[in-house]
Amino acid sequence: MSHCSLRMNALSLACAAGILALGCSATALAQVAAENPERDDVHTLGTVTATAQKRVEVVTDIPMSISVISEEQLDRLQVNNMNDLAGLVPGLQITSLGAPGRSTISIRGITPMGNTASTSIYVDDVPLTANGSLSGATSGMFDLLPYDVQNVEVLRGPQGTLYGASALGGVVKYVTKRPDLEYFSGRAGATMRVVDDGGRVGHSERAAVNVPLVKGQLALRASYAEQTSPGWIDNSVLHRRDTNDVYQNAGRLSLLWKASDTVDVLLTAMRQENKGDNFATVALDPATFKPKLPGYSNEYLFLQPSTIKYDVYGLTVDWDVGWADFTSASSWMKSNSWRLQDQSVEYIPLLGQKPGVGPVMAYAGLDTDIELKKWTQEFRLTSKGDSRLQWQLGAFYTDEDAAYIERGSALSPAFNPVLDLFTASVLTTYKEKALFGNATWKFTDRFDLALGVRHARNDQEFRQTLGGPLGGDGVQRITESSESVTTWSASPRLFLGEDTMAYVRVATGYRAGSPNPILPAAPEVPSQVKSDTLINYEAGLKSHFWDRRALVEVAAFRIDWDDIRLNLLTAQGISYGVNGGEARSQGVEFTGALMPVDGLRLSGSLTYTDAKLTAPIPPARPGGPNQAESGAQLPQVPEWAGSLQADYQFPTSGEWGWSVGGALRYYGERAASVASTQSFDLPSYTTVDLTAEVSSQNTTVRFFVTNLTNKDIYVAAGRTIPAAGAQQYRRWNAVMMQPRTVGVSLDYSF
């Protein structure tokens, strides 16, 4: 039987199984009795809380823009990694590089230009984003399989006061489930899915259990999930199909000890691994920017595998001291990011050979290995009660050690190393100390003012060794930098009624500066890059109305971004950092939810973002033209984006109930890159996802279709930069959204 026939049979089988199971479930529902009382959650919109300000608060009372995606929504929308949130959260832009964990995140148009992230990622109180410039923050990120997650919080706008460096655009925070000291419980599930034009059936398995070891005093929660996603990208050079299989797993242990009536101790351990056989990229025609090859195919000379691993440990102590709450949050994290890239187009021309042919050097590969170790300690003292003055004081320390190892090699036709083109070993340290505090003064029961400030100092060191004919002389050089940064925030808030709140927020954020490599052949390279900073002006309104059947949140913002951290190249092709360019991002974000009738929930968002340079980006090399001029659109930021979601729980009786739902996402046209020579406009797209769910008190069966229309959608695109004099070898590639996917999942709770 042909490969194509296998695909079609697998897809037909999955669809038939889904239709049959849905039919059987509907028949079962028709047979149940008609006496089950209606559930409370079908009448009004519930209250949502968040930990955005490092205390539990109702979202509609917090004077900033926050989106909270619940566990139920994550399951229903089949959110398996960060890329699946694109278009669902207002102001959140996610650019996939073609594999889970290989993405960049921006919020409100503040994209991570340069080598450091512009959005910080947290799991509970544990910061996972590297602040050093060569720690891999823009080539790989923590991307948790969201199982055993209570919700995901997205904080929009700079969060420098509470969350420190790298929270320029905002924060994405996973809030995990805590152990329950009283009750034994568990959950297990599995999913099967078929990708259109994919090679095999994908599957995932998951389980979680909560065990009170000493009732009321000690409890353990453990969870594990793994997922295999089928490949669907072909390679025309290697004549191989479905090359981009992905494997993910995540495990977590959490131990809660109630040491006394006033002290809780929470110990967590987590491991996450993402492994991809190849990147989900297709070749584009450089003249038309249309697919160059039939189907989903690229023409790299060899596969480009990658892995990302995280080991994360946390210890949190909460102590009720009577007049305040004291929190100690300690964490240790180790990450390893590795990938192999086909760089034949870039480097083989320098050696006088055509890529893919020749008796000696046929290919060139770039092997990048980044290891990061990060230790953090935070102490917080938070006021209690409902007095006129609410306050919080804290201290923070982090110590990051990173090893950035790169090796560019010329390879023989048998894929054996022939020559090291260059080697780079950069060992970096990043140490930061910070003090922060915030206070809210209630002038009246309806009006208050919140102020916050944070002062941080970082010290960094680079130990660099560059070698090889295209690298350097192999001598280790040491550079250092130190910098102090102060961020602040101010948020007046006015309650217009019991369910309506208006606010204004002004806040600042920053990314840390760093030393530059010492390059004797490039005297133009500055010794240090200073931090880039921004200030965010925001006005918003949050209101429940119609007996809490409707919710509206709207925010208008303007962000001024100065001294943007950028990467430039020397004539020898060595990267270094500079401060250059300014930008402004301004827009409006709208979110709303409505329950017009019992059981029907409608929600939506609409975002307008105008993010442009207000000063040019300097030349990539001395004497060259500016990389981008003032007025250029910031990359990967659509002017318009929005979503609509609907979920209907049918009136039911007896043990079983069922619901249907769907989500429509629109993502507008956007520039692939800020540099005009490396960019074109990525077209807008619209996707539709559908679900049908049958559930009882402890069993849920869900059928789903994602990317229903199965359109070819460019998520990102870029140009391979050829070596000097080798323009004929240039190539464009695009990262594609996963084609239509059909699946069924089963979860059982006990």
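Here, residue 1 is the first one in the sequence, and each next residue gets the next number. In what follows, every heavy atom counts, from backbone to side chain, and hydrogens, waters and symmetry copies are set aside.
- With rounding to the nearest 0.5 Å, the separation of CD1 in Ile69 from CG in Asn151 is 8.0 Å.
- Side-chain atoms of Asn516 and Gln528 include no donor-acceptor pair closer than 3.5 Å.
- In plain terms, the two heavy atoms of Pro63 and Gln53 that are nearest each other are CD-NE2, 4.1 Å.
- Val674 places a side-chain heavy atom less than 4.5 Å from the side chain of Ile617.
- With a 4.5 Å cut-off on side-chain heavy atoms, Ile370 and Ile405 do not count as touching.
- Put simply, the side chain of Glu153 never gets that close to the backbone of Val175: no donor and acceptor are under 3.5 Å apart.
- Leu97 contributes atom CG, which lies 8.0 Å from atom CZ of Arg102 (distance to the nearest 0.5 angstrom).
- Remark: side-chain polar atoms of Gln304 are paired, donor with acceptor, to backbone N or O of Asp342 under 3.5 angstrom.
- Taking 4.0 Å as the cut-off between side-chain N and carboxylate O, Asp325 and Arg55 do not count as a salt-bridged pair.
- Side chains of Phe326 and Phe379 form a contact here, defined as non-hydrogen atoms less than 4.5 Å apart.
- Gln93 contributes a side-chain N or O that, together with a main-chain N or O of Gly109, makes up a donor-acceptor pair within less than 3.5 Å.
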Would you check, one step at a time, whether the test side chain to side chain contact (heavy atoms under 4.5 Å, CB included) holds for Ile105 with Ile121? CA-CA 10 Å; Ile105 305 178; Ile121 298 176; 4.0 Å; yes
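- Glu226 CD to Tyr147 OH: the interatomic distance, rounded to the nearest 0.5 Å, is 13.0 Å.
- No donor-acceptor pair closer than 3.5 Å links the side chain of Asp420 to the backbone N or O of Phe422.
- Contacts of Asp264 classified as salt bridge (charged side-chain N to carboxylate O under 4.0 Å, His left out), with partners at least two apart in sequence or in another chain: Lys258.
- Salt bridge annotation for Glu273-Lys275: absent, with no cationic side-chain nitrogen under 4.0 angstrom from a carboxylate oxygen.
- A salt bridge links Asp560 to Arg584: at least one charged side-chain nitrogen sits closer than 4.0 Å to a carboxylate oxygen.
- Of the possible polar contacts, one joining the Ser96 side chain to the Gly98 backbone as a donor-acceptor pair under 3.5 Å is found.
- Of the inter-residue distances, the one linking Ile94 atom CD1 with Leu85 atom CG reads 5.0 Å to the nearest 0.5 angstrom.
- In this structure, Arg505 fails the cation-pi test against Phe557, since its NZ or CZ atom is not both closer than 6.0 Å to the six-membered ring centre and inside 45 degrees of the ring normal.
- Nearest heavy atom pair, residue Ala50 against residue Val59, reads CB-CG2, 3.7 Å.
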Using side chain to side chain contact (heavy atoms under 4.5 Å, CB included), reason through Asp532 and Met113 one step at a time and then give a plain yes or no. CA-CA 11 Å; Asp532 53 354; Met113 293 189 285; over 6 Å; no
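- With hydrogens and angles ignored, the 3.5 Å screen pairs a side-chain donor or acceptor of Arg454 with a backbone N or O of Thr161.
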Ignoring hydrogens and angles, write down the donor-acceptor pairs under 3.5 Å from the side chains of residues 305-314, residues two or more places apart or on other chains.
| from | atom 1 | to | atom 2 | distance (Å) |
| --- | --- | --- | --- | --- |
| Tyr310 | OH | Phe142 | N | 3.1 |
| Asp311 | OD1 | Arg271 | NH1 | 2.7 |
| Asp311 | OD2 | Arg271 | NH1 | 2.8 |

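- For Lys54 and Tyr163, the positive end sits near the middle of the six-membered ring, less than 6.0 Å away and at most 45° from its axis.
- Closest of all the heavy-atom pairs between Ala424 and Leu466 is CB-CD2, 3.7 Å.
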Might you work through the side-chain hydrogen bond (donor to acceptor under 3.5 Å, both in side chains) test for Ser67 and Arg156, ending with a clear yes or no? CA-CA 8 Å; Ser67 294; Arg156 303 193 293 277; 2.6 Å; yes
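- Using modelled atom types and a 3.5 Å distance limit, the side chains of Thr51 and Lys173 yield a donor-acceptor pair.
- With Asp459 contributing its side chain and Ser482 its backbone, the two residues share no donor-acceptor pair below 3.5 Å.
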Test Gln227 against Gln248 for side-chain hydrogen bond (donor to acceptor under 3.5 Å, both in side chains), laying out the working first. CA-CA 5 Å; Gln227 177 169 291; Gln248 300 168 268; 3.3 Å; yes
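- With a 4.5 Å cut-off on side-chain heavy atoms, Arg565 and Ser514 count as touching.
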How far apart are the C-alpha atoms of Arg380 and Thr382, what are their side-chain angles, what is the distance that settles it, and do they pass the side-chain hydrogen bond (donor to acceptor under 3.5 Å, both in side chains) test? CA-CA 6 Å; Arg380 295 194 307 272; Thr382 305; 4.8 Å; no
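- At a threshold of 4.5 Å between non-hydrogen side-chain atoms, the residues Leu381 and Gln392 do not count as touching.
- At least one donor-acceptor pair under 3.5 Å links the side chain of Ser585 to the backbone N or O of Arg108.
- Remark: Thr176 pairs with Asp124, Arg252 by the side-chain hydrogen bond (donor to acceptor under 3.5 Å, both in side chains) rule, at least two apart or across chains.
- Other residues, nucleotides and ligands contribute more than 12 heavy atoms inside 6.0 Å of the CH2 atom of Trp391.
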Test log, rule side-chain hydrogen bond (donor to acceptor under 3.5 Å, both in side chains), inputs Arg511 and Ser166: CA-CA 5 Å; Arg511 290 187 298 179; Ser166 301; over 6 Å; no
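- Salt bridge Glu71/Lys177: present, at least one basic N to carboxylate O contact under 4.0 Å.
- Between Lys373 and Asp401 there is no salt bridge, since none of the side-chain N atoms of the basic residue sits less than 4.0 Å from a carboxylate O of the acidic one.
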Given Asn579 and Leu566, is the side chain to side chain contact (heavy atoms under 4.5 Å, CB included) satisfied, shown in steps? CA-CA 6 Å; Asn579 294 103; Leu566 304 167; over 6 Å; no
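- When only modelled atom types and interatomic distance are considered, Glu461 and Thr429 share no side-chain donor-acceptor pair under 3.5 Å.
- His455 is listed as a side-chain neighbour of Ser484, based on a closest heavy-atom distance under 4.5 Å.
- With contacts defined as side-chain heavy-atom distances shorter than 4.5 Å, the pair Val171/Ser120 qualifies.
- Although no hydrogens or angles enter the test, the distance criterion places no donor-acceptor pair under 3.5 Å between the side chain of Gln460 and the main chain of Gly132.
- Closest approach of Leu613 and Ala628 over heavy atoms only: CD1-CB, 3.7 Å.
- Interatomic distance, OG of Ser118 versus CH2 of Trp561, reported as 6.0 Å (0.5 Å rounding).
- Residues Thr368 and Tyr404 form a side-chain contact, since some pair of their non-hydrogen atoms from C-beta on lies under 4.5 Å apart.
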Take Leu145 and Asn81 through the test side chain to side chain contact (heavy atoms under 4.5 Å, CB included) and record every step on the way to the result. CA-CA 6 Å; Leu145 271 174; Asn81 54 63; over 6 Å; no
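- Of the N and O atoms on the side chains of Gln377 and Ser331, not one donor lies less than 3.5 Å from an acceptor on the other residue.
- Summarising the geometry, atom CG belonging to Leu92 is positioned 8.0 Å from atom CE belonging to Met82; distances are rounded to the nearest 0.5 Å.
- Applying the 6.0 Å contact sphere to CH2 of Trp338 captures more than 12 heavy atoms from other residues, nucleotides or ligands.
- With Asp367 contributing its side chain and Arg407 its backbone, the two residues share no donor-acceptor pair below 3.5 Å.
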